[in-house]
Amino acid sequence: MAVLTYREAIRAALSEELTRDENVVLLGEEVAQFHGAYKVSDGLLEKFGPKRIVDTPISEAGFIGMGVGASMLGIRPVMELMFWSFYSVAFDQILNNAANVRYMSGGLINCPIVIRGPANGGTNVGATHSHTPENVLANHPGIKVVVPATARDAKGLLKSAIRDNDPVMFLENTILYGEKGEVPDTEELIPLGLADVKREGTDLTIVTYGRSVLHSLVAADILEKEHDVSVEVVDLRTIRPLDIDTVLASVKKTHRVLIVEEQKPFASVGSQLAFMIQKEAFDELDGPIHRLATIDAPAIYSPPVEVEQLPNPQRVLKAALAAVA
Amino acid sequence: MSKKAASTIETKDDAVPACGASAQAPVNANLPKEAKVELYRKMVRIRRFEERSLRAYQAKKIGGFLHLYIGQEAVAVGCCSLMGANDHVITAYRDHGHAMAVGMDTKPLMAELYGKVTGCSKGKGGSMHYFAPSLNYWGGHGIVGGQIPLGTGLAYALKYKGLKGAAMAFMGDGAVNQGAVHEAYNLAALWNLPVIFVVENNGYSMGTSQDRSSAGPGLAQRAEAYGMNWGTCFGHDVYEVRATMDKFLTLAREQCKPAVVEIDTYRYRGHSVADPDNTYRTKEQIEEYRRTKDPIQVFQNILMKDGVLTDALVEQIDTEAKAEADLAADFAEASPYPTPDDIQRDVYWESDNPDQRASKGRLFFE
């Protein structure tokens, strides 16, 4: 297996799919000549040319909507949002048009678009640039939502997303772009909607996704070594469709649950998970479901304090100890 | 960008041209007699369909909003009559006229209003959301201006695929102040996309007149800011609509030149049928338009004068159009509603095609 950064893995997925299907096109702000605001698309312009790798103006509603329209005619646009935080200015195009056009046409129209870019806090860019909208997106039937945590998952899931006939929202993470991981040398398609047990354990299930998976794994090692608590870490990888079965199987094993999410807590992905776990595995639970979320306020700028607002290994550790107490 | 580059096509002066003045334009002069009759028939069919749907609404057969196209028929019919195999149409929520203009059958259109499963969107879209991709008709969109980036995307796809065609993205005069419209203008001009932005200016964005909502000298003229071609024409004369649009469509298809075309028109009914229409314009104003510029009457006069239409044929077309609308209403009435099981169909391609599904996990939640 090759060792790639998360960034390189996404680039590899784009490159392979651009090569495979001439209807795939990458559009977004600074994706071509600038090589991507986060260098994800570095080298793609040189490889595929300006028809396939397209710089857009700063005009998210315009270019996302254009991508939705193009997808209705069979183009498979991959639209890069420099930050998912900018989805708010394209909200109507994503959640009225992409999400609804199949339904409102009685199934006559498909919208095979991928919208991708980073959605995370932790980079001291303040409240406007730190949104994590996976819960908002997943609240819209018609939309699929993917949040990969590792290089391997990012590559395999993005390839599946591009081939998917439904609109897929792909949420990356600026802090993960430099994280390295093993990626198979042969082509791998990871199906959307399949969770991955990143660490096996017997005392506590941590259900998580995105960068919080990494924090949870660090905390799990400390819990094992210093507190004799065996933690199973379930990485959802996809929010919608949701692999609740893998979560429930783990709950049946450990009987205790901590949800960790880089999300504001109100009506979050974790809220939905907690509802489903209590509904479908009530008798398996030995205690209430615990949750660790982002501290409920707009993202603070102050660098050392932002670390404390988000999930981090120490906060996960503390929450896990409370969950098994 | 200089003004010279902005407008390669002359725009009209303020004088109302004699109706039928565009009859000699090749796109009209070369029309066979049957095609002229067909243009007339389509306008009459739209009007009778709309009148019948209004009655159904008043009889509480139809829910939600109903935005009637009565008075604007020559715009959709004129524009859509120019469509070739690779030309596409998208519009906003006043979408019945365009649907019929591209050739949709009235039965599923009426059934959609009734919320029946035989409707063109299986009762899932309603009045504002008609679609017929097989006829290059991409809706039917409910949010003012929201469809304009999509129409730009249709043009992008045509150009990407190397197809010689154009997209017509229709909007009302209220939409021109939406940001998404301007973003689409910029993209179309920046990338030379074959799209015509058609502003159907009926004078009122809901109940707010153009004077009270839009700054600047004119709506189409805003294209100059983007270095785009623009033009205006009167929308009560189907020949003029065709002659004007033909020029811009040709430029789009042949040279990938986008344009904004503002077509002056008028609606006889309120913004929607829920609008009592008694606060922002006078009955006399409506009557005056009806009397002097009704698009059906105007075209009837032209064709009668030319000997294309006769009293008998006019009568026959009208009788048939009324019968067609009644038949559509009967069909709608007799059709079943969708079932609660249908609510979760047509949400995802994958859930509708389970044998080809690649993803795992739950797509729907309780």
Side-chain angles (χ1 to χ4, degrees), chain A residues 23 25 51 54 56-57 59-75 77 89-90 92-93 96-97 100-112 141-144 160 163-166 189 191-195 238 240-246 272 275-276 279, chain B residues 88 90 112 119-126 128-134 138-143 146-158 160-161 167 179-180 182-187 190-191 193 344-350 352-353 356 358-366:
Chain A
N23 283 321
V25 55
K51 183 185 174 187
V54 184
T56 65
S59 187
E60 288 85 1
F63 73 75
I64 298 268
M66 194 196 78
V68 173
S71 79
M72 301 192 309
L73 266 188
I75 305 298
V89 296
D92 182 48
Q93 298 303 323
N96 262 324
N97 290 342
N100 291 342
V101 73
R102 177 173 177 82
Y103 196 70
M104 293 197 307
S105 66
L108 294 175
I109 297 174
N110 296 331
C111 181
I143 290 284
K144 293 172 178 172
S160 292
R163 298 184 193 193
D164 202 286
N165 287 331
D166 293 309
L189 289 162
L192 308 191
L194 191 61
T238 303
R240 188 169 186 154
L242 181 67
D243 180 6
I244 193 68
D245 292 342
T246 296
Q272 175 66 21
F275 169 78
M276 293 174 79
K279 180 87 191 307
Chain B
H88 295 261
I90 191 164
E112 187 63 28
C120 49
S121 293
K122 303 180 190 168
K124 290 176 172 175
M128 301 188 285
H129 309 116
Y130 283 178
F131 297 85
S134 64
W138 301 94
H141 292 267
I143 303 297
Q147 78 283 7
I148 300 303
L150 302 192
T152 309
L154 296 170
Y156 174 87
L158 287 171
Y160 187 90
K161 292 179 172 184
H182 286 268
E183 294 192 27
Y185 283 4
N186 182 55
L187 293 173
L190 186 68
W191 292 335
L193 301 178
Q344 288 188 321
R345 296 193 177 114
D346 306 309
V347 179
Y348 291 97
W349 181 89
E350 274 203 323
D352 295 333
N353 297 277
Q356 295 173 73
S359 78
K360 314 285 183 194
R362 287 192 205 172
L363 280 166
F364 295 98
F365 300 85
E366 291 170 4

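Heavy atoms only: backbone and side chains are in, while hydrogens, waters and symmetry mates are out.
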pair Asn186(B)-Trp191(B): side-chain heavy atoms closer than 4.5 Å: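 Heavy-atom side-chain distance check fails, nothing below 4.5 Å.
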
Heavy-atom side-chain contact between Tyr103(A) and Arg345(B) under 4.5 Å: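 SC-SC contact between Tyr103(A) and Arg345(B) ruled out.
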
With a 4.5 angstrom heavy-atom cut-off, could you sort out which part of [X] is near chain A: side chain, backbone, both or neither?
X: Tyr130(B); result: neither
X: Leu193(B); result: side chain
X: Ile143(B); result: side chain
X: Leu187(B); result: side chain
X: Glu366(B); result: both
X: Tyr348(B); result: both

Lys51(A), NZ: over 12 other non-hydrogen atoms inside 6.0 angstrom: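 Enclosed.
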
Which atom of Val101(A) lies closest to which atom of Cys111(A), heavy atoms considered: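 Between these two residues, the closest heavy atoms are CG1-CB, 4.2 Å.
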
N-O pairing of Asp245(A) and Lys360(B) below 4.0 Å: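 A salt bridge is absent here (no side-chain N lies under 4.0 Å from a carboxylate O).
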
Salt-bridge contact Lys144(A)-Glu350(B) (side-chain N to carboxylate O under 4.0 Å):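 The answer is yes: the pair qualifies as a salt bridge.
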
Against chain B, label [X] side chain, backbone, both or neither, depending on which of its atoms sit under 4.5 Å from a heavy atom there.
X: Ser160(A); result: neither
X: Asn165(A); result: both
X: Ile143(A); result: backbone
X: Leu73(A); result: both
X: Asn100(A); result: neither
X: Ser71(A); result: neither
X: Val54(A); result: side chain
X: Phe63(A); result: both
X: Glu60(A); result: backbone

Side-chain donor or acceptor of Asp243(A) paired with backbone N/O of Leu194(A) under 3.5 Å: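 Not confirmed, Asp243(A) side chain does not pair with Leu194(A) backbone.
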
Check: Lys124(B) main-chain N/O paired with Glu112(B) side-chain donor or acceptor under 3.5 Å: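 Here the side-chain-to-backbone pair exists.
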
His141(B) and Phe131(B) aromatic centres sub-6.0 Å: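 That pair passes the under 6.0 Å test.
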
